[in-house]
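This structure is a prediction, so every number in the text was calculated from the model and none was measured. Protein chains get the first letters and strands the later ones, always in sequence-line order, with residue 1 at the start of each.
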Amino acid sequence: MTNQAMDNFKSQVFLILNSIPFGECIAYGELAAQAGFPNHARQVGAIMKKLPKDTSLPWHRVVNAQRRISFAENTDGYLRQKEKLEQEGWLIVGTKLQLKNKDS
DNA sequence: CGGCTGGCTGCCT
DNA sequence: AAGGCAGCCAGCC
C-alpha cells in the first residue's frame, strides 16, 4: 500500500465515520471495506488509536465484528467508549452492545 | 532488514 | 458458546 493510498484510506475512514448517524455503529472491517480497503480492519484500529482524546469524531461508533467494544473492561478506552455509546441510546453489558428496547 | 505488536476477523476445535 | 489460532498489515524498535 503506497503512502498516497494510505492517506486516501485515512481520509475515507474519516468521511465515513462522520457519515455514521447518531445511534448507529459499524465494524472496523466494514469501515475499512467501505473506505475501499478490505482486510484493513486493524489499520482502522491503528488510526483510531492515534486520535486525540478530545477529537470530535464519533470514533466510539466503531466496534468489532461481534458488536463488542474492542477494549478490555476497566481500561480507560473501554470506559470512554461505553459512556459515549450510552449517550447514544445503547445499553452496554460487559463489552457487548445491545439496543435498549429489545434486541438480539 | 527481521521481529513483535496491535481498538481485527473468520475458521476450527 | 468460548477459546485458540492463523492470516492480515502498517508502525515501531
Side-chain angles (χ1 to χ4, degrees):
Chain A
M1 180 175 235
T2 67
N3 296 33
Q4 165 118 69
M6 174 179 92
D7 285 335
N8 190 43
F9 174 58
K10 289 190 236 172
S11 306
Q12 288 304 301
V13 168
F14 295 137
L15 285 179
I16 296 169
L17 201 48
N18 278 314
S19 75
I20 302 174
F22 183 100
E24 283 197 27
C25 60
I26 186 174
Y28 294 91
E30 188 167 336
L31 179 45
Q34 281 190 37
F37 296 83
N39 20 349
H40 283 242
R42 299 191 87 144
Q43 275 37 250
V44 172
I47 291 172
M48 299 289 106
K49 186 169 189 170
K50 299 189 216 160
L51 295 175
K53 293 178 189 162
D54 54 38
T55 182
S56 56
L57 288 172
W59 58 272
H60 52 278
R61 295 181 187 155
V62 185
V63 295
N64 69 25
Q66 311 310 305
R67 219 161 54 160
R68 289 166 169 286
I69 292 179
S70 289
F71 280 118
E73 300 181 48
N74 20 305
T75 60
D76 179 66
Y78 165 78
L79 295 172
R80 293 193 304 137
Q81 182 163 19
K82 171 176 175 174
E83 198 150 336
K84 296 207 176 206
L85 286 171
E86 289 180 329
Q87 286 173 42
E88 302 205 355
W90 289 96
L91 176 62
I92 316 292
V93 181
T95 56
K96 198 177 197 170
L97 273 67
Q98 297 180 183
L99 293 178
K100 272 187 179 170
N101 311 16
K102 47 176 252 183
D103 183 30
S104 290

**Q.** Contact check, side chains of A:H40 and A:M1, non-hydrogen atoms, under 4.5 Å
**A.** yes
Q: Treat each ILVMFWY residue as a node, draw an edge where side-chain heavy atoms are under 4.5 Å apart, and state whether A:V63 and A:M48 are in one component.
A: no
Q.
Both atom distances under 3.5 Å, Watson-Crick or G-U wobble: I'd like the secondary structure of DNA chain B as a dot-bracket string, with | for pairs made across strands.
A. .|||||.||||||
Q: Take atom CD of A:E83 as the centre, draw a 6.0 Å sphere, and report whether it contains more than 12 heavy atoms from other residues, nucleotides or ligands.
A: no
Please list, for nucleotides 7-9 of chain C, all pairs of protein and nucleotide N/O atoms separated by less than 3.5 Å.
unit_1	atom_1	unit_2	atom_2	d
C:dC9	O4'	A:Q43	NE2	3.0
C:dC9	O2	A:Q43	OE1	3.1

Q: Could you list by number each residue of residues 73-85 of chain A showing a heavy-atom separation from DNA chain C of less than 4.0 Å, or answer none if no residue does?
A: none
Q.
Taking B:dG7 as the reference, what is the distance to C:dG7 when you measure between their P atoms (whole Å, please)?
A. 22 Å
Q. Does some side-chain heavy atom of A:L91 sit less than 4.5 Å from a side-chain heavy atom of A:L99?
A. no
Q) Within a strict 4.5 Å, meaning less than it, do heavy atoms of the A:V13 and A:Q43 side chains meet? A) no
Q: Name the nucleic acid region contacted by A:V62, choosing base, sugar-phosphate or nothing; use a 4.0 angstrom heavy-atom cut-off, strictly under.
A: base
Q | Contact check, side chains of A:I20 and A:C25, non-hydrogen atoms, under 4.5 Å | A | no
Q: Could you pull out the closest heavy-atom pair between A:E30 and A:I26, with the gap in Å?
A: CB-CG1, 3.9 Å
Q | Side-chain donor or acceptor of A:N8 paired with backbone N/O of A:Q4 under 3.5 Å | A | no
(Q) To check you understand the geometry: which heavy-atom pair defines the closest contact between A:W59 and A:K84, and what is its length? (A) NE1-NZ, 4.2 Å
Q: Could you check if a side-chain atom of A:F14 sits within less than 4.5 angstrom of a side-chain atom of A:I47, using non-hydrogen atoms only?
A: yes
Q) Which is the 5'-most and which the 3'-most nucleotide of DNA chain B that has an atom under 4.0 Å from a heavy atom of chain A? A) B:dG6 to B:dG10
Q) Does the side chain of A:E88 pick up a donor-acceptor pair with the side chain of A:H60 at under 3.5 Å? A) yes
Q: Compare every heavy atom of A:T95 with every heavy atom of A:F71, then report the nearest pair and how far apart it is.
A: O-CG2, 3.6 Å
(Q) Please give me the minimum heavy-atom distance between A:S70 and A:Y28, naming the atom from each residue. (A) OG-CE1, 3.6 Å
(Q) Classify A:A32 by what it touches in the nucleic acid, base, sugar-phosphate, or nothing, heavy-atom distance under 4.0 Å. (A) nothing
Q) Any idea which heavy atoms bring A:I69 and A:Q81 closest together, and the distance? A) CG2-OE1, 3.2 Å
Q | Listed partners of A:L79 passing side-chain contact (heavy atoms from CB on, under 4.5 Å), at least two apart | A | none
Q.
Restricting to non-hydrogen atoms, name the atom on A:V62 and the atom on A:A27 that form the minimum distance, rounded to 0.1 Å.
A. CG1-C, 4.4 Å
Q. Which whole-number value in Å describes the distance from A:Y28 OH to C:dA10 P?
A. 18 Å
Q) Which of residues 10-25 of chain A have a heavy atom under 4.0 Å from DNA chain B? A) none
Q. Over how many whole Å does the gap from A:Q4 atom CD to C:dA10 atom C1' extend?
A. 17 Å
Q. Heavy atoms under 4.0 Å, any strand shown: does A:A65 hit a base, just sugar-phosphate, or nothing?
A. sugar-phosphate
